[in-house]
**Student:** 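Got a structure for you, questions after.
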Amino acid sequence: MNRPTDTLADEPPSHDRILVAVCTYNERENLPKLLVDIRRAVPQADILVVDDRSPDGTGDWAQQQRAEAPWLRVTIREGKLGLGSAIVHAMRYACREGYAYLVNLDGDRSHDPASIPALLHAMETQQADVAIGSRYVEGGAIEGWPWSRRVMSHALNRLARFSLGLEAYDCSGAFRCYRIESLRQVDLRQVRCEGYAMLEEILWLLKGSDAKIVEIPITFVNRTEGASKLSFSEAVNALATLARLAIARQRST
């Protein structure tokens with residue numbers, strides 16, 4: 001399969017290079033401890049913070065740490081552009097800089113960095129292209145969610161599996177490890193969703209390039225500091241994205 005020309009001057013991947021991406025908006029209370037936990041879990045990894053000009057100064061704080069943290073990279077974008085576009089930015093960065101793996105996790109500490117080595121192990125032992133930290137496989141769990149959010153999440157994931165033919169049970173989980181060589185087989189310019197529904201969209205695109213997707217169980221813990229970024233409009237956008245991709249799937253068959 002020909003490689004899409006999505007990025008320029010990409011470095012060849014180095015298999016000992018890991019990038020952990022944390023996309024933030026108003027996570028000043030959570031980010032310091034999260035960075036410590038990531039370093040403890042994968043001390044060999046670099047960390048990229050993609051901040052959408054947080055009013056609480058999250059990005060500014062991260063920038064200030066760079067002088068004493070050579071493993072830290074920071075991108076501050078001009079405004080709240082959405083989680084989906086922030087993850088795509090991290091993907092482009094990882095491709096351009098020659099990393100072997102990109103790990104993405106939420107900035108609100110709902111994902112435990114201690115599970116990162118298990119994701120990387122799954123990538124190696126199962127020859128996976130994507131490893132998802134899954135709430136919905138055996139051994140996975142959710143702590144602190146109200147029943148309404150559980151119902152909505154289950155419904156969206158079942159709809160994604162049915163409408164897009166995805167085999168993963170947790171299509172909307174953001175805690176993932178991507179193989180950079182596999183991301184390079186996808187034209188990231190095709191990712192249209194700038195919000196949370198990008199998580200289903202990138203799986204759909206990877207599925208089209210025959211990527212192998214595996215899941216390992218994690219415990220998702222609802223945030224205890226700061227405010228949730230999820231909203232009713234995000235759920236509507238997710239449904240619209242699934243409908244668009246389902247129509248594209250039908251047209252391609």
Side-chain angles (χ1 to χ4, degrees), residues 1 4 6 23 81-91 102 104-106 110-111 119 122-123 126 128-142 145-179 182-218 220 222 228-253:
M1 183 175 185
D6 179 61
C23 303
L81 303 178
L83 175 69
S85 65
I87 295 175
V88 170
H89 172 88
M91 290 175 171
L102 171 66
N104 182 80
L105 74 166
D106 286 348
S110 57
H111 298 141
L119 286 174
M123 297 291 287
Q126 301 186 51
D129 298 295
V130 185
I132 300 173
S134 178
R135 302 161 289 184
Y136 299 129
V137 295
E138 184 177 357
I142 298 173
W145 267 12
W147 69 268
S148 56
R149 189 166 174 185
R150 290 174 183 264
V151 169
M152 181 178 68
S153 177
H154 273 287
L156 286 173
N157 276 285
R158 289 188 178 187
L159 182 59
R161 283 171 56 82
F162 174 77
S163 61
L164 304 183
L166 298 174
E167 297 181 357
Y169 288 91
D170 198 343
C171 300
S172 61
F175 195 9
R176 298 176 182 174
C177 181
Y178 300 91
R179 189 180 298 275
S182 300
L183 286 178
R184 287 177 167 176
Q185 302 307 314
V186 174
D187 187 347
L188 294 175
R189 291 171 297 190
Q190 294 183 46
V191 178
R192 291 171 49 185
C193 184
E194 297 180 347
Y196 286 80
M198 173 271 179
L199 296 166
E200 288 94 346
E201 188 168 17
I202 193 64
L203 289 184
W204 160 250
L205 292 172
L206 286 163
K207 178 178 181 289
S209 64
D210 297 322
K212 181 179 180 180
I213 301 171
V214 302
E215 294 179 271
I216 67 162
I218 63 161
F220 177 97
N222 195 32
S228 173
K229 311 300 190 301
L230 285 174
S231 63
F232 177 76
S233 63
E234 285 286 355
V236 172
N237 288 337
L239 290 173
T241 297
L242 291 178
R244 170 172 58 83
L245 297 177
I247 292 171
R249 181 191 181 202
Q250 289 297 319
R251 288 176 176 174
S252 65
T253 57

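Computed over heavy atoms, backbone and side chain alike; hydrogens, waters and symmetry mates excluded.
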**Student:** I need the minimum non-hydrogen distance between Asp170 and Ile132, along with the two atoms involved.
**Tutor:**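 Closest pair (atom of Asp170, atom of Ile132, distance): O-CG2, 3.6 Å.
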
**Student:** Would you give the length of the straight line joining atom CG of Leu203 to atom CG of Leu164, rounded to the nearest 0.5 angstrom?
**Tutor:** 9.0 Å

**Student:** To the closest 0.5 Å, what do you measure between CE (Met198) and CG (Leu205)?
**Tutor:** 8.5 Å

**Student:** Do Ile216 and Leu119 pass the side-chain contact (heavy atoms from CB on, under 4.5 Å) test, and can you show the C-alpha distance, the side-chain angles, and the key distance before you say yes or no?
**Tutor:** CA-CA 7 Å; Ile216 67 162; Leu119 286 174; 3.6 Å; yes

**Student:** Hey, could you give me the CD1/CD1 distance between Ile142 and Ile218, rounded to the nearest 0.5 Å?
**Tutor:**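 One finds 9.0 Å between CD1 of Ile142 and CD1 of Ile218.
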
**Student:** Run the side-chain hydrogen bond (donor to acceptor under 3.5 Å, both in side chains) test against Tyr169 and tell me which residues pass, sequence neighbours left out.
**Tutor:** none

**Student:** Evaluate the side-chain contact (heavy atoms from CB on, under 4.5 Å) criterion for residues Phe220 and Trp145: first the C-alpha distance (whole Å), next the side-chain angles of each, then the deciding distance (0.1 Å), finally the verdict.
**Tutor:** CA-CA 9 Å; Phe220 177 97; Trp145 267 12; 3.3 Å; yes

**Student:** Taking C-beta and beyond as the side chain, do Asp210 and Asp129 meet within less than 4.5 Å on heavy atoms?
**Tutor:** no

**Student:** Walk me through it: do Ile87 and Leu199 pass the test side-chain contact (heavy atoms from CB on, under 4.5 Å)?
**Tutor:** CA-CA 9 Å; Ile87 295 175; Leu199 296 166; 3.9 Å; yes

**Student:** Could you tell me which residues satisfy side-chain hydrogen bond (donor to acceptor under 3.5 Å, both in side chains) with Arg176, sequence neighbours excluded, listed by chain and number?
**Tutor:**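 Partners of Arg176 by the side-chain hydrogen bond (donor to acceptor under 3.5 Å, both in side chains) criterion, ordered by chain and then number, come out as Tyr178.
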
**Student:** Less than 4.0 Å between a side-chain N and a carboxylate O, is that true for Glu201 and Arg244?
**Tutor:**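 So Arg244 pairs with Glu201 through a salt bridge.
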
**Student:** Measure across Val214 and Ala122 and return the closest heavy-atom pair with its distance rounded to 0.1 Å.
**Tutor:**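 Taking Val214 first and Ala122 second, the nearest heavy atoms are CG2-CB, 4.3 Å.
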
**Student:** Would you check if the side chain of Ser153 reaches a backbone N or O of Arg150 as a donor-acceptor pair within less than 3.5 Å?
**Tutor:**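 Looks like no, no N/O pair under 3.5 Å.
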
**Student:** Please report the shortest heavy-atom distance between Pro217 and Gly140, naming the atom on each side.
**Tutor:**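 Pro217 and Gly140 have their closest heavy atoms at CB-N, 3.4 Å.
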
**Student:** If you round to the nearest 0.5 Å, how far is CE of Met152 from CG of Asn157?
**Tutor:**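 Result: 10.5 Å between the selected atoms.
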
**Student:** Met91 and Val191: side-chain contact (heavy atoms from CB on, under 4.5 Å), yes or no, with the steps?
**Tutor:** CA-CA 12 Å; Met91 290 175 171; Val191 178; over 6 Å; no

**Student:** Nearest 0.5 Å, please: how far is CG in Leu81 from SG in Cys23?
**Tutor:**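 Reported to 0.5 Å precision, the distance equals 11.5 Å.
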
**Student:** Measuring from Glu200:CD to Leu245:CG, what's the distance to the nearest 0.5 Å?
**Tutor:** 9.0 Å

**Student:** Whether the side chain of Asn104 engages the backbone of Ala174 through a donor-acceptor N/O pair (distance < 3.5 Å, no angle test) should be reported.
**Tutor:**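 Yes, because the side chain of Asn104 sits within donor-acceptor range (under 3.5 Å) of the backbone of Ala174.
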
**Student:** Does any donor atom in the side chain of Ser134 or Glu215 lie under 3.5 Å from an acceptor atom in the other side chain?
**Tutor:** yes

**Student:** Can any side-chain N or O of Lys207 pair as donor or acceptor with the backbone N or O of Glu167 at less than 3.5 Å?
**Tutor:** no

**Student:** In terms of side-chain heavy atoms, does Ser172 have a donor or acceptor partner in Arg135 at a distance below 3.5 Å?
**Tutor:**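 Judged by distance alone, the side chains do pair up.
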
